[in-house]
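FYI, side chains are in, hydrogens and waters are out, and symmetry mates aren't considered; it's all heavy atoms of this structure. Note that ligands are numbered from 1 as they come in the structure, with each ligand's atoms numbered from 1 the same way.
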Amino acid sequence: MASIKNVHIDHPFTDQKPGTSGLRKSTKQFLGDHYLETFIEAILISLNNVEGSTLIVGGDGRYGNDSAIKKIIKICCAHKVGTIIVPQKGLLSTPAASDLIRTYSAIGGIILSASHNPGGRDGDFGVKLNVSNGGPAPETVTEKIYKCTQALTSYQFLDVDIPSLDSEGSFDIYRTKLKVIDGVKRYVSLMEDIFDFDQIGEYVKNDFSIIFDAMNAVTGPYAKEIFVNRLGLSDTSLLNSNPLPDFGHLHPDPNLTYAKELADLLLDQKKYSFGAACDGDGDRNMILGKGCFINPSDSLAVITANTSLVPGYKNGISGVARSMPTSMAVDVVAKELDIPCYETPTGWKFFGNLLDSGKITICGEESFGTGSNHVREKDGLWAVLFWLQILAQKKCSVIDLIRNHWMQFGRNYYTRHDYEAISSEVAYQIYEDLKSRLNELIGSHFASGVIIKADNYSYTDPIDRSISDNQGLRMILDNGSRVILRLSGTGTKGSTLRLYFEKYVKSQNDLFLDPQVALGDLIFGIDKLLNIKNRTKMDVPTVIT
Ligand code: VG1
Ligand code: CO
């Protein structure tokens, strides 16, 4: 007979503060006694009324996924959660989780992922909480959870054996129903509702060569079903498509540094017409063409400009939103389409109210994230299919598509420089240095312009009027150029400094430069101002996008 056990711990864990997207720590820390358990207990307490409710649980397959899911089920059973839905093998991408929450009217979902951070015993682990609209928990909820952990010295669990999660089935455990479902089917049918698979299939089979890199993470099974079984491509169009606990030592962050194998195939060897990759939990995407990389900010603008070509959006879009550091390329398109464009802080949770209220249909971030109102998360495979649908309709190459876009709308040159895992003290000094000088910078010359605005970005949510301060330091020039500085909220080692540079160009003669050259004066200017290379002792950033 299964019984509920109460576990007491001596001291609460005081470091369980969720960051930009969930709680992320080293795998070792999460494996420590009671660490995961207390955080889950705090989530269930903070959600209110979990008794009898439905909860979605799964993860990106990284080291510890299966055992963490089983621990969570036991704690949920003790809290008398009504139904727990777990996809087979516990594999669940973040966008698919968002969809399942909405489909099953669940109270929320727990996604075990540290997203684009490396996995394995020596990597990172994480817990993302999504709420009943399918989106990441808003700050009010994460604050409540954090506060709860500060005083939490006990948790409860049902002492019972949990059945294997390897195959579909339905199990009664104490007062809870556990349903292990096919995790891929429902997501793929959602994609089929939005896109014309027949048209994409015809195009990619006949005129096109395509390669998709799942980075040994969660999108492998979804990609196999979509690209091979539904669109009719061969297995060889998939790279790294078996989810592995350590992602095969890959860093599952789809950018030019960490998805180098794919980048080389497209940019150096020019082997394929189209290439794409997704991150650990499947919410990010990188798009490449033959000899051409698509900056994620441009991707958002191209998607927005072409929604009429995709069946799911043929009735029009209500508006768009981008995170503050994302380039204003999408603003230019929104103006042309005469639809509103909102600016939000970094992190998908800030799009939730705008999507729920119908004010926006499409949104995105410079960090390889794009999505729409079909779920409440960024969605990597959705973005890949979106690009394929546009290309199938226009029957053009990726490079022609982006060049034509710039010729029509002008180009927002854009780059992000990341200084990863630097000393927190140095990062803090650089940040505080700029913060303290913001006022005096207004009116001064910088690069090829004059600074007309320098502030610490603060956001008031247009729907619930909640205020989020300290969302990034920004300098805006009289010629529209912007330089932004933020500290990452997803890293687990030291601090990561992010610098964002943007410059708008309309003249047809200046559209095809290397962004590092086009933005050279801004890049030089910020280093001169803050002495970044010297202070970090790094000649070049860890990652340049
Ligand atoms: C980063 C990105 C941000 C994104 C977040 C979560 O946050 O900059 O745009 O929403 O990761 O993405 P930060 O605080 O490190 O800059 V994921 O795919 O890691 O959930
Ligand atoms: Co992610």
Are any of the N or O atoms of Thr346 closer than 3.5 Å to those of ligand 1?
no
Shortest protein heavy-atom distance from atom 9 (O) of ligand 1, along with the residue and atom involved:
Ser367 OG, 2.6 Å
Protein heavy-atom partner closest to atom 19 (O) of ligand 1 - residue, atom, separation in Å
His116 ND1, 2.6 Å
For Asn130 and Lys349, which I'm curious about, is there any donor-acceptor pair between the side chains at under 3.5 Å?
no
For the pair Asp283 and Lys128, find out whether any cationic side-chain nitrogen is under 4.0 Å from an anionic carboxylate oxygen.
yes
Is the shortest side-chain N to carboxylate O distance from Arg62 to Asp246 below 4.0 Å?
no
Does Arg416 reach ligand 1, in the sense of a heavy atom lying below 4.0 Å from it?
yes
Is it true that Gly347 lies under 4.0 Å from ligand 1, counting heavy atoms only?
yes
Any N/O/S atom, side chain or main chain, of Ser115 closer to the Co ion (ligand 2) than 2.8 Å?
yes
Test of understanding: with side chain to side chain contact (heavy atoms under 4.5 Å, CB included), list the residues that count as partners of Ser458, not counting sequence neighbours.
Ile467, Asp469
Out of Arg284, Arg486, Glu365, Glu420, indicate the one that has the non-hydrogen atom closest to atom 1 (C) of ligand 1.
Arg284
Quick one: list whatever passes ring pair (Phe, Tyr, Trp, His ring centres under 6.0 Å) with Tyr35, sequence neighbours left out.
Phe13, Phe30
